[in-house]
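A quick write-up on the structure given underneath.
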There are 2 protein chains.
Amino acid sequence: MATLADVARRAGVSPATASRIINGSSKPVTDALRERVLAAVEELQYVPNAHAQLLARSHRTAIGVIVHDVSDPYFAEITRGLQRVATAHGRLVIICNSYRDPVKELEYVELLRAHQVAAIVLAGSGYHDEEFTKALDGKLRVYEGTGGRVAVIGRHEHAGDAVVPDNEMGGYLLASHLYELGHEHIGVIAGPKQLTTTTDRLAGLRRAAREHGRKLPPTRVAYADFDRASGADAAAALLDTEPGLTALAALNDSMAIGALSLLRTRGIAVPERVSVIGFDDMPIARDVTPALTTVRLPLVDMGARAMTLALDELADRTAPRIEQVGAELVLRDSTAAPPA
Amino acid sequence: MATLADVARRAGVSPATASRIINGSSKPVTDALRERVLAAVEELQYVPNAHAQLLARSHRTAIGVIVHDVSDPYFAEITRGLQRVATAHGRLVIICNSYRDPVKELEYVELLRAHQVAAIVLAGSGYHDEEFTKALDGKLRVYEGTGGRVAVIGRHEHAGDAVVPDNEMGGYLLASHLYELGHEHIGVIAGPKQLTTTTDRLAGLRRAAREHGRKLPPTRVAYADFDRASGADAAAALLDTEPGLTALAALNDSMAIGALSLLRTRGIAVPERVSVIGFDDMPIARDVTPALTTVRLPLVDMGARAMTLALDELADRTAPRIEQVGAELVLRDSTAAPPA
DNA sequence: GTTTCTCTCGTACACGTGTTCGAATAGGCT
DNA sequence: AGCCTATTCGAACACGTGTACGAGAGAAAC
């Protein structure tokens with residue numbers, strides 16, 4: 001691996017001048033030397049050692065991102081927004097998948113800290129786990145104490161910059177839509193119990209139920225894993241225990257699509273016999289059949305805003321900025337009035 | 001930011017002993033000192049500077065991955081396979097999105113080289129661009145010359161370890177299926193012209209055409225961008241110029257789904273009036289309506305195998321390993337015999 | 001001709017860690 | 001007690017780069 005000293009030796013100059021030329025320093029350098037050095041760089045295919053650079057100038061530039069799983073469309077969209085802003089600022093993004101494992105999440109915070117990232121963006125949902133939450137908050141505080149920035153997406157215990165989707169309102173819109181269509185027997189396919197996202201969306205559903213004089217009995221709420229297969233299983237379980245359901249409300253689109261697939265294999269018409277509604281409005285929601293009625297979150301925009309918060313160097317650290325983003329009902333073809 | 005020297009000072013030992021204890025060196029250390037050091041680590045929340053470590057021990061450990069776009073399901077699946085193997089080996093993965101920009105691809109190779117990654121996995125398709133191809137191959141050779149490993153997915157000019165999907169055979173299977181159903185007027189929605197993936201899949205289509213005594217006239221081939229919107233546009237263009245088409249063959253699933261959406265808005269029944277077939281078998285292919293007939297590539301497995309190649313330290317560098325992976329037709333509901 | 005100023009460039013050190021080598025201490029053996 | 005050895009630990013350097021500081025040379029001013 002060619003080093004700066006190699007370049008300097010070949011060009012017959014000192015490492016200092018070579019460094020100045022390569023980095024375009026403000027210090028003046030003769031053109032003759034400049035040419036010799038650049039020629040040497042080309043011949044040796046020299047690339048500066050990023051780690052040595054980072055050690056020398058204490059100028060942290062990379063950004064760390066922790067998501068649950070990039071291959072999940074929800075996070076893929078958010079990540080796209082994060083990347084767009086980051087590359088626009090010439091920043092490298094390091095993506096870490098926690099796969100919803102709190103332990104891994106803690107490990108990744110340490111790893112990113114070790115890599116001297118300028119900021120950490122936490123894009124996953126928060127957990128209902130006192131011990132873990134305290135540990136995570138502690139590690140983030142320590143990181144912030146050393147000058148690092150932190151931005152989170154979603155509701156977390158950590159006090160700091162955040163982009164918070166209005167999951168509760170989304171859940172409220174979702175359930176209200178079903179009640180207004182006349183549904184009385186609604187099955188809910190919820191996400192993992194320990195995620196704040198699940199809790200918040202469910203809370204919105206419950207508020208809508210109260211306002212419409214209904215209830216959401218526990219037997220009509222099945223907890224699944226936010227993915228397609230798990231959503232299909234939950235739909236099956238709900239229909240088996242409560243055959244009279246006329247609507248299935250899934251707390252994300254993947255599970256709604258799983259429910260659609262199960263209903264199709266059972267020959268149950270959607271929306272004629274059973275309505276299905278999702279959450280998030282992933283790109284594919286338009287392309288399933290029937291096209292999925294859902295609650296839209298501006299995922300790409302949320303990622304972009306979180307990265308913007310993380311990159312803002314001169315923000316007041318004592319006054320955390322909370323950016324609320326709204327949820328919006330998207331009417332398509334998978335919901336209708338219940339059968340008479 | 002707490003440093004190793006801080007820990008040593010607090011524990012009342014030299015940096016050397018602290019380092020030995022933290023890294024679990026083979027050198028023996030007294031238990032009393034060990035406890036003091038570990039206590040200091042905990043109190044100071046010390047995390048070793050990864051860059052300094054990497055500089056000290058010349059032991060490269062991270063892996064660089066260059067894809068076109070992680071949020072594209074095709075690459076999301078591949079990335080999942082890559083990640084699985086990498087984290088199983090305790091390796092960090094740095095993901096770079098080139099967004100199909102050759103210039104960016106070259107820049108990212110340099111960036112990864114600068115970051116001293118142990119290996120580079122090139123997961124995008126190859127390009128038909130002599131100048132760029134030479135430049136890329138040159139940069140990769142230089143990198144290999146310094147001890148780095150390279151593994152590519154797909155057909156590239158670079159001679160080295162590779163995982164190569166049989167795109168030609170996939171194209172052949174795809175077209176043969178349509179011909180055997182009796183289709184004579186087939187429109188092709190191809191990918192970007194300059195990608196080898198497009199060329200290879202198209203070559204398979206042409207071979208099938210020859211064997212069945214047919215042709216693929218240029219007016220029935222539309223080039224699009226491998227995404228949904230672009231696929232819908234291409235489908236519209238094809239149907240406008242050749243209203244008699246009874247089948248649309250898209251060279252990936254995203255474009256096939258775009259075509260489905262266009263056909264739906266035009267009220268054209270699939271597969272009764274027009275058959276649609278895709279390529280890749282992305283997870284959502286099952287969930288669109290009608291469920292998409294397509295050609296399956298084992299995307300996750302391809303990623304896993306590429307990472308396995310990249311991580312194999314003691315492979316013979318002079319004999320590049322080429323792993324062929326097969327394509328397989330998946331029959332679903334979007335294809336049928338043409339209308340009588 | 002001497003002084004001073006400016007313009008360039010090189011020397012030396014710092015960044016934070018791993019590791020080699022030598023020193024010091026304790027303990028065992030005669 | 002004296003010597004030798006085994007055991008631990010610390011001082012010093014290397015990794016590759018950026019940069020403050022100083023040195024040298026040439027030019028300008030007197």
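Chain letters run A, B, ... following the sequence lines, proteins first and then strands; every chain starts at 1. Atoms considered below: every heavy atom in the structure, side chains included; atoms not considered: hydrogens, waters and symmetry mates.
- Using bins of under 30°, 30° to 60° and over 60° for the plane-to-plane angle, the ring pair B/His68/B/Phe75 lands in the tilted bin.
- Rounded to a whole Å, the NE2 atom of A/His51 is 24 Å from the P atom of C/dA14.
- Projected onto DNA chain D by closest heavy-atom contact, A/Pro15 and B/Ser14 fall at different nucleotides, the more 5' of which corresponds to B/Ser14.
- Remark: C1' of D/dT17 and CD1 of A/Ile22 are 10 Å apart, rounded to the nearest angstrom.
- When rounded to the nearest whole Å, the span between CZ of A/Arg57 and P of C/dG16 equals 16 Å.
- Side chain of A/Val29, nearest nucleotide from D/dC15, C/dC9, D/dG16: C/dC9.
- If you run side-chain contact (heavy atoms from CB on, under 4.5 Å) between A/Ser125 and each of A/Val152, A/Ile153, A/Leu195, only A/Leu195 comes through.
- Atom CD in A/Gln116 sits roughly 18 Å away from atom P in D/dT17 (whole-Å rounding).
- Listed candidates were D/dC9, C/dG10, D/dT17. Nearest to the side chain of A/Arg20 is C/dG10.
- Side-chain proximity of B/Ser19 to the nucleotides C/dC9, C/dG18, D/dC15 is greatest for C/dG18.
- We find that CZ of B/Arg36 is positioned 14 Å from C1' of D/dG10, with the value rounded to whole Å.
- Remark: B/Gln53 is in phosphate contact with C/dG18, judged by side-chain N or O atoms under 4.0 Å from OP1 or OP2.
- Comparing A/Ala16 and B/Ala52 by the nucleotide of DNA chain C that holds the closest heavy atom to each, the one mapping nearer the 5' end is A/Ala16.
- Under the 30°/60° scheme for interplanar angles, the aromatic rings of A/His115 and B/His51 are found to stand perpendicular.
- When the side-chain nitrogen and oxygen atoms of A/Thr30 are compared with OP1 and OP2 of C/dC7, none of them lie within a distance under 4.0 Å.
- Between B/Ile21 atom CD1 and D/dG10 atom C1' there is a gap of 13 Å when expressed in whole angstrom units.
- Looking at A/His156, its side chain does come within 3.5 Å of a backbone N or O of A/Gly124 through a donor-acceptor pair.
- With distances taken from any side-chain atom of A/Ala56 to the nucleotides D/dC9, C/dG16, D/dT17, the minimum falls on D/dT17.
- Remark: P of C/dG16 and NE2 of A/His115 are 16 Å apart, rounded to the nearest angstrom.
- Using a 4.0 Å heavy-atom distance criterion, A/Leu54 is classed as making no nucleic acid contact.
- Side-chain contact, B/Arg80 with A/Ser71: a donor N or O sits under 3.5 Å from an acceptor N or O.
- Phosphate contact (OP1/OP2 of C/dT8, side-chain N/O of A/Thr17, threshold under 4.0 Å): absent.
- In this structure, the CG atom of A/Asp6 is 9 Å from the P atom of D/dG16, given to the nearest Å.
- Contact annotation: A/Asn23 reaches the phosphate of D/dG18 (side-chain N/O to OP1 or OP2, under 4.0 Å).
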